[in-house]
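Labels below follow one simple rule: chain letters A, B, ... track the order of the sequence lines, proteins then strands, and each chain is numbered from 1. Every heavy atom of this structure was used, including side-chain atoms; hydrogens, water molecules and symmetry mates were not.
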2 protein chains.
Amino acid sequence: MAEPTAAERDPEAVSKFVEGFAAQLVEAGMQRMPARVFAALLASDAGAMTSAELGEQLQVSPAAVSGAVRYLAQQHMVAREREPGSRRERYRVHSNQWYEALTNRDAVLKRWELALRVGVDSLGSTTPAGRRLSETLAFFEFIDGEVAAMMERWRAHRETLYGDG
Amino acid sequence: MAEPTAAERDPEAVSKFVEGFAAQLVEAGMQRMPARVFAALLASDAGAMTSAELGEQLQVSPAAVSGAVRYLAQQHMVAREREPGSRRERYRVHSNQWYEALTNRDAVLKRWELALRVGVDSLGSTTPAGRRLSETLAFFEFIDGEVAAMMERWRAHRETLYGDG
DNA sequence: CGCTTCTTTCAGAAATTTGTGAAGTTAAGG
DNA sequence: CCTTAACTTCACAAATTTCTGAAAGAAGCG
């Protein structure tokens, strides 16, 4: 049993991982329910679950799932899938996509940069405080540029690990 | 007045920036009070303030400042300074250091990695879910390595902007 | 078209988080 | 040593957040 197979998937083990990983995400600033939903999807074999399945595993109401999924979809951390010919929706983590979304704190960086520009303007670019803000701004602008390149290197690195899969 | 000087520092403008920038940090997951304290320090000309100064600018109690500073110090986002021969403490943002601390989500990454390893082990590295977690883990390990190099490039880039200052 | 199944919205209850005042602790300076 | 200034801790009150149940809203299917 050191190497479980799909057949012997242990709900307790799954739940333990889900709650543990979710807790880490919460500590890093994510809301609890989105974190739990996301972790549950990550730990699913299919990489996708229905609203009902999520509600059952996490022991929460459909309303809670709905709210969490809306948030995750906005952040591009899950994709909604409509099985054609059914009202049932399916929420999926795209293996190759989700961590790019996590990295896409781009929007966050942009808002920080905007706030800093306002600060530099109103405090004066030649004051000590203004210069500090200005340097901070330069840092974020630099990071912006680097992240794209880094993701490119990751894709290359990934292929050395997994091939073109 | 398009370019304010230190002499005409406008408390309202400062406060506006502080609250605005703090709000962005909060939205990114930081607690409110640490965010406000940090923003206030960033916007100070000296790059450092006493507990009393912070309390007055932010209109909060010494207890609130104390709690916020403890958090920020743990995250290495501010340094505590003891002016020798005084009980007054001074909290400082190290211009060159603070954003490295922000980037030092290293600890966060490490905890995520640990949780993911647990997941891979308990779900089985050959199951679909296990493989997904495993790939996620590989991604974070890759990022770990890249961040250090990126910071190095930033320091070099910074010198092209500001010289050795 | 109406029935049925799934999802979303919304008001409110419950839990958590946050900040305060007051008491406690530490260390400088007489 | 004792006084006093500063920081910290703690219990509690207030504000905020989070989740639920119930009702409303879509969309397939007969």
Whole-Å distance between D:dT17 C1' and B:Glu27 CD?
15 Å

Nucleotide nearest A:Ser66 (side chain, heavy atoms from C-beta), chosen from D:dC19, C:dT20, C:dT9
C:dT9

Contact nearer the 5' end of DNA chain D, comparing A:Arg32 with B:Arg90:
B:Arg90

To the nearest Å, how far apart are B:Tyr71 OH and C:dG19 P?
13 Å

Does B:Arg132 come within less than 4.0 Å of B:Glu135, counting only side-chain N to carboxylate O?
no

Take A:Arg88 and A:Glu53, measure what salt bridge (Lys or Arg N to Asp or Glu O under 4.0 Å) needs, and give me the verdict at the end.
CA-CA 11 Å; A:Arg88 206 171 284 161; A:Glu53 288 166 342; over 6 Å; no

Of the candidate nucleotides C:dT8, D:dT20, D:dC7, which contains the atom at the shortest distance from the side chain of B:Glu89?
D:dC7

Can you label the angle between the A:His157 ring and the A:Trp154 ring as parallel, tilted or perpendicular, going by 30° and 60°?
tilted

Pick base, sugar-phosphate or nothing for B:Gly85, based on heavy-atom distances below 4.0 Å to the nucleic acid.
sugar-phosphate

Whole angstrom is fine here: how far is it from CG in B:Leu54 over to P in C:dG19?
14 Å

From the candidates C:dT20, D:dG21, C:dT7, the one with an atom nearest any side-chain atom of A:Ala63 is D:dG21

Please tell me which of the listed nucleotides, C:dT9, D:dT8, C:dT20, lies nearest to the side chain of B:Ser61?
C:dT20

Whether A:Ser51 contacts C:dC6 is assessed here as follows: a side-chain N or O lying under 4.0 Å from the phosphate OP1 or OP2. Is that the case?
no

Return no unless some side-chain N or O of B:Arg88 is found under 4.0 Å from OP1 or OP2 of D:dA6.
yes

Base, sugar-phosphate alone, or nothing: which one does B:Val69 contact when heavy atoms must sit under 4.0 Å apart?
nothing

What integer distance in Å separates A:Gln31:CD from C:dA15:C1'?
16 Å

Expressed as a whole number of angstroms, how long is the span from B:Arg36:CZ to C:dT18:P?
13 Å

Measure from the side chain of A:Met33, starting at C-beta and using heavy atoms only, and say which of C:dT8, C:dT18, D:dC19 lies closest.
D:dC19

Is the closest side-chain heavy-atom distance between B:Leu137 and B:Trp112 below 4.5 Å?
no

Taking only the side-chain nitrogens and oxygens of A:Arg80, find out if one of them lies under 4.0 Å from OP1 or OP2 of C:dT8.
yes

Output the single nucleotide from D:dG28, D:dA5, D:dT8 whose closest atom is nearest the side chain of A:Arg87.
D:dG28

D:dG28 P sits how many Å from A:Glu83 CD, rounded?
13 Å

Side-chain touch B:Leu58/B:Val65, heavy atoms, less than 4.5 angstrom
no

DNA chain D nearest-nucleotide lookup for A:Gln59 and A:Arg82: closer to the 5′ end is A:Gln59

